[in-house]
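Some notes on the structure that comes next.
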Amino acid sequence: MKKRRLDDSPIVYYIHREKEHAEWVCFLHAAFVDHRMFDKQFGPLSTKVNLLAIDTLGHGESTEAQKGDSIVHMSKWIQSILVTEGIDQVHLIGVSLGAILAQDYANQYPDTIRSLACFGGYNINQFDPEMQRQNGLAQMLMMLKALISIRWFAAANKKVSAYTTEAQEAFYMLNLQFQKKSYQYLARLNEMVNRHQMGIRSYPLLIGCGEYDLPMELKAIELWREQEPTAQVKIFENAGHCVNMDVPEEFNSLLLKFWKI
C-alpha cells in the first residue's frame, strides 16, 4: 500500500487501488496500535476491493500534530482524504476506538457510507451513562499503567485486546510503539458520545465482538442489537476484542458476505 499524508493535517494514510471501478473499503484501527493491525485483511481483500487505511491522530505515523489538533477532528480529516482521492462512498470498518470514529464519521457524512461495520465498540448515539462511566474508569486505569511503563501497559493491554497467542504478540509489538505524549489526543473522545439522535440508517450495519471480549463489551453489543434490530450481529468464537487479529480468515469472509462482493 502507498503511504500518503493529508495536506494541512497530521494524518498519514495508506492506499491501494486494485481496479478503477472497484468498491472502496476504509479501515480504522484500535487505540494504541496503528493501521498494521489490519495486515491480515489487506492481502486477502486487495484483489477484491480498493483499500484505504488511516493512522488515527497520535498513532502510527500521524504524530506531527499542531496546537489544537484533536481526535474530534478525525471525521473532518477522513472526509478530506476521500475528497482528495476522489472516493464518493466507502465501506467503513472500525475496531474498538476505530468503531467510535467510524460511527462519528457516519453521523456527520452519512451520504458517503456504503456500509458500516463496527467491532469491539458500542452505540455512541445511545450509550448507557453507567456503562460510559465504567468504561472511562477502565481506560483511566490502563493509562496510569502506561504512564509508569509502556512495556507494562502493553503486556497488560495485549491480554485485554486479543485472545490467541499470535494476535496478542502482534498487538503487543504494535503497542510498544505508541508514544506517551499521544494520550492527550484521546482526551476529548467522549465528545463524540450521545451527541447525535438515533435515526434510520440508509446503509447496512454490522456489529460484533469476540466471545472472550470483556463482559461489558458483550453487554454493549447486546444493547446495540436491541437499539438497532436491523443490524447484523456476529459474536466470533475463539476471539477477544480485536477479532480481525484473532480470527482473520473468518473476519475477512464475513466482510465479503456483508458487502456482497
Side-chain angles (χ1 to χ4, degrees), residues 1-18 22-38 41-42 45-46 49-66 68-125 182 184-193 195-196 199 201-207 244 255 258-259:
M1 296 176 73
K2 296 180 180 179
K3 182 176 79 171
R4 296 181 181 173
R5 179 167 178 167
L6 186 62
D7 291 341
D8 302 319
S9 93
I11 301 303
V12 172
Y13 62 98
Y14 301 81
I15 193 165
H16 169 80
R17 293 178 186 267
E18 175 61 20
E23 295 183 18
W24 280 93
V25 172
C26 178
F27 292 93
L28 298 174
H29 61 77
F32 316 121
V33 289
D34 58 51
H35 75 284
R36 290 174 293 173
M37 75 170 291
F38 294 110
Q41 280 67 63
F42 297 148
L45 297 178
S46 64
V49 294
N50 294 328
L51 302 174
L52 177 64
I54 300 171
D55 278 350
T56 297
L57 177 66
H59 297 71
E61 296 199 38
S62 295
T63 54
E64 296 181 17
Q66 302 297 316
D69 285 342
S70 167
I71 195 84
V72 298
H73 301 139
M74 280 301 303
S75 290
K76 177 185 69 175
W77 289 329
I78 294 169
Q79 171 64 0
S80 293
I81 291 171
L82 298 190
V83 171
T84 298
E85 298 296 340
I87 302 170
D88 294 326
Q89 284 194 319
V90 293
H91 296 285
L92 194 55
I93 304 101
V95 174
S96 194
L97 169 64
I100 298 172
L101 298 178
Q103 290 177 77
D104 185 65
Y105 178 83
N107 282 336
Q108 297 188 49
Y109 303 97
D111 292 342
T112 68
I113 303 295
R114 188 176 290 271
S115 72
L116 178 63
C118 297
F119 302 94
Y122 50 83
N123 182 0
I124 68 169
N125 294 332
S182 291
Q184 62 182 306
Y185 304 125
L186 299 174
R188 297 175 62 187
L189 194 62
N190 281 342
E191 292 182 26
M192 301 179 188
V193 179
R195 291 297 185 267
H196 293 263
R201 298 183 190 272
S202 59
Y203 48 82
L205 172 66
L206 170 64
I207 59 176
N244 69 295
L255 287 181
F258 176 58
W259 300 330

* Would you list the pairs meeting salt bridge (Lys or Arg N to Asp or Glu O under 4.0 Å) in which at least one residue belongs to residues 68-80, sequence neighbours left out? => none
* Asked: Going from CG on L255 to CG on N244, what distance comes out if it is rounded to the nearest 0.5 angstrom?
  -> 9.0 Å
* Structure fact -> So CD of Q103 and CG of L92: to nearest 0.5 Å the spacing works out to 10.0 Å
* Asked: Within a strict 4.5 Å, meaning less than it, do heavy atoms of the W24 and I15 side chains meet?
  -> yes
* Mind checking what makes ring pair (Phe, Tyr, Trp, His ring centres under 6.0 Å) contact with Y13, not counting sequence neighbours? -> none
* For Y203 against A106, the heavy-atom pair lying closest together -> OH-CB, 3.4 Å
* Report the residues that fulfil side chain to side chain donor-acceptor pair (under 3.5 Å) with S96, sequence neighbours left out, ordered by chain and then residue number. => H241
* Asked: Can you name the residues that form a side chain to side chain donor-acceptor pair (under 3.5 Å) with T112, not counting sequence neighbours?
  -> Y105
* Asked: Under 4.5 Å between any side-chain heavy atoms of L186 and F32, yes or no?
  -> yes
* Could you walk me through whether Y122 and I124 pass side-chain contact (heavy atoms from CB on, under 4.5 Å), step by step? => CA-CA 6 Å; Y122 50 83; I124 68 169; 3.8 Å; yes
* Asked: Does the pair C26 and I54 meet the rule for a side-chain contact (heavy atoms from CB on, under 4.5 Å), with working shown?
  -> CA-CA 8 Å; C26 178; I54 300 171; 3.8 Å; yes
* Who pairs with D34 by salt bridge (charged side-chain N to carboxylate O under 4.0 Å, His left out), at least two apart in sequence or on another chain? -> R36
* Asked: Taking only residues two or more places apart in sequence, or in another chain, which ones meet N125 in a side chain to side chain donor-acceptor pair (under 3.5 Å)?
  -> N107
* To do: Any pair with a residue in residues 78-93 that passes salt bridge (Lys or Arg N to Asp or Glu O under 4.0 Å), sequence neighbours left out, goes on the list, sorted by first then second residue, please.
  => R4-E85, R17-E85
* To do: Using the salt bridge (Lys or Arg N to Asp or Glu O under 4.0 Å) rule, collect all pairs that involve residues 5-16, keeping only residues at least two apart or in two chains.
  => R5-E64
* Please report the shortest heavy-atom distance between V49 and V25, naming the atom on each side. => CG2-CG2, 3.7 Å
* To do: For the residue pair L28 and I78, establish whether any side-chain heavy-atom pair is separated by less than 4.5 Å.
  => yes
* To do: Check D55 against E61 and note the closest heavy-atom contact, atom names and distance.
  => OD2-N, 3.0 Å
* Considering all heavy atoms of both residues, which atom of P10 and which atom of L57 are nearest to each other, and what is their separation? -> CG-CD1, 3.5 Å
* Asked: Roughly how far apart are M37 CE and F27 CZ, rounded to 0.5 Å?
  -> 10.5 Å
* To do: Check whether any side-chain heavy atom of L189 sits under 4.5 Å from a side-chain heavy atom of L97, and report yes or no.
  => yes
* Spatial distance of atom CG (L45) from atom CG (N50) [nearest 0.5 Å] -> 11.5 Å
* **ring pair (Phe, Tyr, Trp, His ring centres under 6.0 Å) partners of W77, counting only residues at least two apart** => H73
* Those residues that, when tested against H16, pass side chain to side chain donor-acceptor pair (under 3.5 Å) (two or more places apart) -> E18
* Distance, nearest 0.5 Å, that separates SG of C118 from CG of L205 -> 6.5 Å
* Structure fact -> All heavy atoms of V12 vs all of S62, minimum pair found to be N-OG, 2.8 Å
* To do: Evaluate the criterion side-chain contact (heavy atoms from CB on, under 4.5 Å) for residue pair M74 and D104; output intermediate values, then yes/no.
  => CA-CA 9 Å; M74 280 301 303; D104 185 65; over 6 Å; no
* To do: Go through the steps to decide whether L101 and M192 satisfy the test side-chain contact (heavy atoms from CB on, under 4.5 Å), and finish with yes or no.
  => CA-CA 8 Å; L101 298 178; M192 301 179 188; 3.5 Å; yes
* Residues in ring pair (Phe, Tyr, Trp, His ring centres under 6.0 Å) contact with H35, at least two apart in sequence or another chain -> Y14
* Distance-minimising heavy-atom pair for F119 and A99 -> O-CB, 4.0 Å
* How many angstroms lie between atom CD of Q89 and atom CD1 of I87, to the nearest 0.5 angstrom? -> 11.5 Å
* **Listed partners of Y185 passing ring pair (Phe, Tyr, Trp, His ring centres under 6.0 Å), at least two apart** => none
